[in-house]
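Notes follow once the structure below has been shown.
In the text below, chain A, chain B and the rest are named by the order of the sequence lines, each starting its count at 1.
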Protein chains: 2
Amino acid sequence: MGGQDRPRRPTVSDVAATAGVSVKTVSRVINNVPTVRPELVEQVLVAIGELGFRRNDMASSLRSGRRTATIGLIIEDLANPFYSVIAATVAKVARSYDTHLITVSSEEDPRLEQRQFLELCQRRVDGLIIVPAGSDHSYARPEMEMGMRVVFLDRPPSGILADSVVIDNARGARTGVEDLLAAGHSRIGVITDSPSIYTARERLSGVRTALTEAGIPYDDSLIRVGVTRPEEAVRVVADMLDGADPPTAFFTGNNRITVGAVRELCRRGHDAALTGFDDFELSALMPRSLSLIAYDVQELGRTAALRLFDRIGGDGSWPSETVIGTRLVRRGVELLKT
Amino acid sequence: MGGQDRPRRPTVSDVAATAGVSVKTVSRVINNVPTVRPELVEQVLVAIGELGFRRNDMASSLRSGRRTATIGLIIEDLANPFYSVIAATVAKVARSYDTHLITVSSEEDPRLEQRQFLELCQRRVDGLIIVPAGSDHSYARPEMEMGMRVVFLDRPPSGILADSVVIDNARGARTGVEDLLAAGHSRIGVITDSPSIYTARERLSGVRTALTEAGIPYDDSLIRVGVTRPEEAVRVVADMLDGADPPTAFFTGNNRITVGAVRELCRRGHDAALTGFDDFELSALMPRSLSLIAYDVQELGRTAALRLFDRIGGDGSWPSETVIGTRLVRRGVELLKT
DNA sequence: GTGAAAGCGCTAACAC
DNA sequence: GTGTTAGCGCTTTCAC
């Protein structure tokens, strides 16, 4: 059956022999060098078609020393919609530079992140975009000194100087809490991910700023950190509501937590106000009103990718930190009915 | 600043010179050949550390002729949650085979699909998983005859014999419509994507089977095909409801259409029954009850990936078609409140 | 156990 | 314009 007998792939010399020219002429033709006699071009193209020749890109870039036309993207988890939009956007920019994208998941594990980084360096990708899990990226320095281009996405690097593109986490969270305060809430339940994660830290700091400036006394029982999955958020919300003097509003630190909070509030039919960080795909159909700190995820990915290709293209300017702004949006299915 | 002066990357000969051994010994060490004297191993490792040597994988696989430890995945759009889950699952399986994944989007364009296919062949990926957009895949034959392994996902190939993994679309759709019929509905609005897409064709055929077997006369005004985006689904639902003798139930052919239908039905507060193909992430929080034809997307991706690695590993058996089953599930936020 | 030389498939340099 | 030669970085002979 087909594909069983593997007839060795034809090489440039096979093509050259078939076309009756030299390998160099074949090379010229497949690289579109214009100074080849049209009839020879024709002969070569015919031979290529006959043999089913397909230039070996590895050999090509090995010899020419040019770029491999590949970049790498290290993220937490491709199945997470936030990261898949990032990946899609980066791939799109990459394509406009005739470059392919290898995406790998670090699963929020710093050691795995480092291994993936080094593996991708071994493949000689032209550059890397990293959403860092770890808090020390000095392992990247030797590679960067040898020319590897690296851009950090969503979280800044530490222990090394490099480009980064992040969201204005603190300001966004502050705005969200200020909005709740303006609506008259003073007991606000705050639920965020682990403070070991940069974005969670920043957002919590924004929350604190808003509370402090409003002169709200600090109540530890209203702040829960280290909440990762929606189910945990469900439990934490239930817990807070069942406590003495429950909050009248919640601020949730990311979309997974927001979804958990929506779930529990809806299950109870509870009308506590809800404001969360991150917009998400079906937020407009949520069965209750909520406010979200939204930002342009595609812009985040696009900006990082363009920065990377600038670097690959030879831009040697001082590393930059780009901050993407946020805005407060109202969501929920009720809004559709107006 | 760092990374500006690009000190040529060290090669095996640099390492050999530094360690005072031959390149072959260096090669043995980095390939874990056990027959090297421990002290030489040590010297080589020290040299590698000093120089920051990192083996060039392209050169390695070029010379050895072994696999490139890369596979390709051609999908419609990585930003679509269905495909990102597929990509994540495939990447996970790939990782267990120490293989990287290059994901490219065909944007539902057969010509682009073919170009991406050939580009990935040029990179000498070890194998390819394709969610085909086009309806003729004979372009893949020459490459497959030269040893390229290809598995088709979600839609079968045409014009070529190859492995495929698909969902039981017809049976799933039939079950969904039968469920609506059993609930007493006889006027069912059916909305699907373009019949040029395999899955849409199959699902529509399942719908027809159910209607025919129930003896329901065929009403063209109740069937709309070629609906792609949620906004179009919104309009189509509105249109049908505003018509004379409107449907009392809807069957929607994929998750994008289902979401559009939910949106319009909720906006109107209309209580038509709704059953759709595909489950989606937040279906449990939809503000109305609905039924969905669900299936295990991860199993789809995993099965295809494992099949591909079997092929890469030398399995030469006759091409297989694997069919993944579906099940009917009830969703909507009301269910949480019980 | 170790090393020298050849060569994977291709392109840069140089000749013609 | 075209062809010959050397060599990218590595691994495979096959000697020693």
[N] phosphate, OP1 or OP2: any side-chain N/O from [X] under 4.0 angstrom?
{"X": "A:T25", "N": "D:dT2", "value": "no"}
{"X": "B:R9", "N": "D:dC8", "value": "no"}
{"X": "A:N31", "N": "C:dT11", "value": "yes"}
{"X": "A:S27", "N": "C:dT11", "value": "yes"}

Starting from [atom2] on [N], measure out to [atom1] on [X] and report it in whole angstrom.
{"X": "A:K24", "N": "C:dC16", "atom1": "NZ", "atom2": "P", "value": "18 Å"}
{"X": "B:R67", "N": "D:dC10", "atom1": "CZ", "atom2": "P", "value": "21 Å"}
{"X": "B:R66", "N": "D:dC10", "atom1": "CZ", "atom2": "P", "value": "13 Å"}
{"X": "A:M146", "N": "D:dG9", "atom1": "CE", "atom2": "C1'", "value": "15 Å"}
{"X": "B:R124", "N": "C:dC10", "atom1": "CZ", "atom2": "C1'", "value": "11 Å"}
{"X": "B:R54", "N": "D:dC10", "atom1": "CZ", "atom2": "C1'", "value": "16 Å"}
{"X": "A:N56", "N": "C:dC8", "atom1": "CG", "atom2": "C1'", "value": "9 Å"}
{"X": "A:R123", "N": "D:dC10", "atom1": "CZ", "atom2": "P", "value": "15 Å"}

Using ring centroids (six-membered ring only for Trp), state whether A:F152 and A:H137 fall under 6.0 Å.
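Ring-ring flag for A:H137/A:F152: true, centres closer than 6.0 Å.
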Is any N or O donor-acceptor pair between the side chain of B:R28 and the base of C:dG3 shorter than 3.5 Å?
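Answer yes: a donor N or O sits under 3.5 Å from an acceptor.
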Any N/O donor-acceptor pair, B:R63 side-chain to C:dG7 base, under 3.5 Å
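Checked by distance alone, the answer is yes.
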Hey, are [X] and [Y] close enough for a salt bridge, meaning a charged N less than 4.0 Å from a carboxylate O?
{"X": "A:E76", "Y": "A:R155", "result": "yes"}
{"X": "B:D14", "Y": "B:R9", "result": "no"}
{"X": "B:R123", "Y": "A:D57", "result": "no"}
{"X": "A:R95", "Y": "B:E107", "result": "no"}

Considering only [options], which nucleotide approaches the side chain of [X] most closely?
{"X": "A:T35", "options": "D:dG3, C:dG1, D:dG1", "value": "D:dG1"}
{"X": "A:V12", "options": "D:dC8, D:dT11, C:dT11", "value": "C:dT11"}
{"X": "A:R55", "options": "D:dT2, C:dT11, D:dC10", "value": "C:dT11"}
{"X": "B:S22", "options": "D:dT2, D:dT11, C:dG3", "value": "C:dG3"}
{"X": "B:L40", "options": "D:dT4, C:dT2, D:dC10", "value": "C:dT2"}
{"X": "B:T11", "options": "D:dG1, C:dG9, D:dG9", "value": "D:dG9"}
{"X": "B:A59", "options": "C:dG9, D:dG9, C:dT2", "value": "D:dG9"}
{"X": "B:V21", "options": "C:dG3, D:dT4, D:dT11", "value": "C:dG3"}

Start at the 5' end of DNA chain C and walk down; is the nucleotide closest to B:L62 or to B:R37 reached first?
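Its nearest nucleotide being more 5', the pick is B:R37.
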Parallel, tilted or perpendicular for B:Y97 and B:F309, by the 30°/60° rule?
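Rings of B:Y97 and B:F309: parallel, under 30°.
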